[in-house]
Structures are given as structure tokens and as C-alpha cells.
Amino acid sequence: MTTTTRRVLVVAYDDAQILDVACPSASLEIANSHGAGPPYTVELATVSGKPVRSSSGIGLTGARRLASVTGRIDTLLIVGGNGTEAAMADDALLTQVRRLASRSRRIASVCTGAFVLAAAGLLDGRRATTHWGYGELMASAFPAVTVDLAPLYIRDGNIYTSAGVTSALDLTLALIEDDHGPTLAREVARELVAYLHRPADQAQISTFLAPPPGDRVVRDLLGHISARLADDLSPPALAARAGISTRHLTRLFTRQLGVTPARAVRDARTEAAAHLVRGSELSLAAIARRCGFRSAETLRQAFLGHYGMTGDAIRRIPDMPGPLKREPPQTSRSKD
């Protein structure tokens, strides 16, 4: 690697997720346009050096052959996608990933790209994450890896792993911040119209984007919670509404959602409040009342615990083109 650029090598294969390639590449391009120094150079590489087909059917061209890559690499990035299983079984690919990792200052993966790193033995003894829907599979397939599905991305030494495809933006912004500082990372986020540069330890699954739980009682209560954030949503009140005991309510929420009823309520209130902070001119005290918090200070503590920043800091982030005109949507998740 020369001293005048940061060389980023993106490793792709057939049926890779195109966003895993495009999101980091575009973010680094924007960082360059805002004066990243030294700038990034992005190269695409495949086993054969020939174009590969993304899972959307769009071809990825301009690739070079992995075996032909020499010299130092700043960042080796492995993408994920539907083709991950085949990539894990490709000995030539894994051999090159191991070779190139030894030439790289840091190594990163997006989504199920972590499986390729694990198959290459690069995650043994390390903590790593991947898309929440594949965590159990990864833990069983690679017992030497400590799989943690809570964070959006994890850094363990010089290896970074991230969750589903949109977390590639959070990861790339973090890499830019590590390299060039927070000001440049914020400028990139603003140009990308990123809603919020989320900290690594923010939960992968938003209350409003989580898949609906299979249990009807929990599903109905979540709808009640999101529609009546300012009401009494204590565990006894929720249990009474469902006609079950508080103990049984706690068991259902823990089994279906992995959190207690009180935590589910707090998360729903916090995310709704963040939406109002970003999309309205309401005071923090008014938002706190609307979302069921006792005071602005209680809301501030919730923001610190959930996002790692205060409401004032969230409101000051200059990355929204204008206020939103709707309440937080309840939508089903999109598949990576």
C-alpha cells in the first residue's frame, strides 16, 4: 500500500448482496469528495477475476483476480448475501482470504460475510456478529467463535463484523471516523441522508421493524404498547389487559422477544421519542410526556442507554432534509 491512499479491497462472489458492495464503496467515495486524506481507493476482487452476478441479478464488473492482488491492503472487506454458503465451500476463495488478511491492516465483513471469515478461521477465539436471523446457525457451525447478535457491529482487534446490510453504513462511518475523525464521518452521513449514525452497541432489531412474534398475546400487546405509549404500560397493567399473570407475561416476552415487558415498553417509548426529536419542534419535555416518560431527564437517560447520546445531540445531527410528518411506522422487516 502506498502512503498516499487507503486501499480497500472488496471481495465478492456470485449471489452477493449488492448493497454490501455499494454501501461501503459509495460511503468511501463521498468521504473522498469531502477531503479524506489520505483518500480511499476501492477495488473489487473475485476468485476468477471475472464479473459476478449479485443476488438481485445485477452484474458486478471491474473485478480483479484475488490471486493477482499483491502489496499491502488497508481494509479487506468481505460481503455477504445468498451466495455465502457456496463461498464458504470455495477453498480457493478461503485460501485467498487468509492470504490477503495477513496483508491487511484491518479486516471487515458485512452481514453473512462473517461466515466466510469464520470458515477461513479468522474469527476463531474472537467475538463477532452477523445478521440476527443467522446467529444460531453461525454459533452452531463455528463453536470457536463467540457470536453476539446484540450490536450493529463489533470490533475485536483488527477485525470488524457487522449485522444486516444497512449496518454496513454504520460500520463504514465508524471506519471513516477511526481514520479521519468524527467531523468527516458526520459530513458523509449528512450527504447520505442517514437518519442517525448509530453506535455499535445499538440493538440490531428496532421495536418498529422486528418481525411479529408468533404468540398472539405478545403480538397484540405490542400493538397496544405502540399505540398508547403514554398510558400505564406497567407489567401488571399489561398482564391484566391480556388476562394472564405477571409471571406468565414475563415468560412470554422473554421467550418471544428476548426482553422483559418493561424493557420492551422502554425501547418502544425511546424509539418513538427519537423519531419525534428528529422530526418535530416539540420540546424534550413535551416529547417525554407524549411517549410516556416521567420527565425530560428520564427521557435523556433512556436516550443515553439506547443510542449513547442525549436528545439534544440527536436533534443537532444535521442529516435529515426536513421534518417527518408521520408517527413512527410499524412495518415488517426487509430481508437481507
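The two residues Ala12 and Thr46 make their nearest non-hydrogen contact at O-CG2, 3.7 Å. The two residues Arg126 and Asp156 make their nearest non-hydrogen contact at NH1-O, 2.7 Å. The two residues Ser56 and Ile18 come nearest to each other via the heavy atoms OG-CG2, 4.1 Å. The shortest heavy-atom contact between His306 and Thr270 is CB-CG2, 3.6 Å. Taking every heavy atom of both residues into account, Ser102 and Arg72 meet most closely at O-NH1, 3.4 Å. Taking every heavy atom of both residues into account, Ala114 and Thr129 meet most closely at CB-O, 3.6 Å.
Looking at Tyr153 and Ser167, their side chains never come closer than 4.5 Å, going by heavy atoms from C-beta outward. Side-chain contact check for Ser162 versus Val110: some heavy-atom pair is nearer than 4.5 Å. By the 4.5 Å heavy-atom criterion applied to side chains, Leu222 and Arg219 are not counted as neighbours. The shortest distance between side-chain heavy atoms of Ser109 and Val116 does not fall below 4.5 Å. In this structure, Leu184 and Glu177 have side chains that are not in contact, with every pair of non-hydrogen atoms separated by 4.5 Å or more. Taking the side chain as every heavy atom from C-beta outward, Leu276 and Cys291 approach each other to under 4.5 Å. Residues His224 and Leu238 meet the side-chain proximity criterion, which asks for heavy atoms closer than 4.5 Å.
In this structure, the side chain of Gln256 engages the main chain of Asp215 through a donor-acceptor pair within 3.5 Å. Checking side-chain atoms of Asp20 against main-chain N and O of Gly80 turns up a donor-acceptor pair under 3.5 Å. Distance alone, capped at 3.5 Å, places no donor-acceptor pair between the Arg103 side chain and the Thr70 backbone. Ser25 contributes no side-chain N or O that, together with a main-chain N or O of Ala22, makes up a donor-acceptor pair within less than 3.5 Å. Using modelled atom types, one side-chain atom of Asp14 and one backbone atom of Arg53 make a donor-acceptor pair closer than 3.5 Å.
The distance from the CG atom of Leu171 to the SG atom of Cys23 is 9.0 Å, given to the nearest 0.5 Å. From Ile78, atom CD1 reaches atom SG of Cys111 across 13.5 Å, with rounding to the nearest 0.5 Å. For the atom pair CG (Leu221) and CG (Leu249), the distance works out to 6.5 Å, reported to the nearest 0.5 Å. In this structure, CZ in Arg294 is found 11.5 Å from CG in Leu299, a value given to the nearest 0.5 Å. If you take CD on Glu271 and OG on Ser226, they are separated by 11.0 Å, rounding to the nearest 0.5 Å. Remark: Ile107 CD1 to Leu77 CG distance equals 11.0 Å, nearest 0.5 Å.
Within a 6.0 Å sphere centred on CD of Glu136, other residues, nucleotides and ligands contribute 12 heavy atoms or fewer.
Between Val11 and the options Val79, Leu66, Leu44, Val47, a side chain to side chain contact (heavy atoms under 4.5 Å, CB included) holds for only Leu66.
Under 3.5 Å, the side chains of Asp232 and Ser234 contain a donor-acceptor pair of N or O atoms. A side-chain donor-acceptor contact under 3.5 Å links Arg106 and Thr75.
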Worksheet item: Taking it one step at a time, do Arg7 and Val69 satisfy side chain to side chain contact (heavy atoms under 4.5 Å, CB included)?
Response: CA-CA 11 Å; Arg7 186 185 186 191; Val69 177; 3.4 Å; yes

Worksheet item: Phe293 and Ile287: side chain to side chain contact (heavy atoms under 4.5 Å, CB included), yes or no, with the steps?
Response: CA-CA 8 Å; Phe293 290 97; Ile287 291 171; over 6 Å; no

Worksheet item: Step by step, would you call Arg255 with Val218 a side chain to side chain contact (heavy atoms under 4.5 Å, CB included)?
Response: CA-CA 10 Å; Arg255 184 170 67 241; Val218 177; over 6 Å; no

Discussion item. Between Met138 and Leu123, does the side chain to side chain contact (heavy atoms under 4.5 Å, CB included) criterion hold? Intermediate values first, please.
Written reply: CA-CA 11 Å; Met138 186 172 182; Leu123 296 183; 3.7 Å; yes

Fill in: Worked check of salt bridge (charged side-chain N to carboxylate O under 4.0 Å, His left out) between Arg300 and Glu297
CA-CA 5 Å; Arg300 188 183 76 86; Glu297 175 59 24; 3.0 Å; yes

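Sorted by first then second residue, the ring pair (Phe, Tyr, Trp, His ring centres under 6.0 Å) pairs that include residues 40-82, not counting sequence neighbours, are Tyr40-His180.
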May I have the list of side-chain donor-acceptor pairs in residues 83-93 shorter than 3.5 Å, sequence neighbours left out?
| from | atom 1 | to | atom 2 | distance (Å) |
| --- | --- | --- | --- | --- |
| Thr84 | OG1 | Tyr13 | OH | 3.1 |
| Thr84 | OG1 | Gly81 | N | 3.3 |
| Thr84 | OG1 | Gly81 | O | 2.7 |
| Thr84 | OG1 | Thr112 | OG1 | 2.8 |
| Asp90 | OD1 | Ala92 | N | 3.1 |
| Asp90 | OD1 | Leu93 | N | 3.2 |

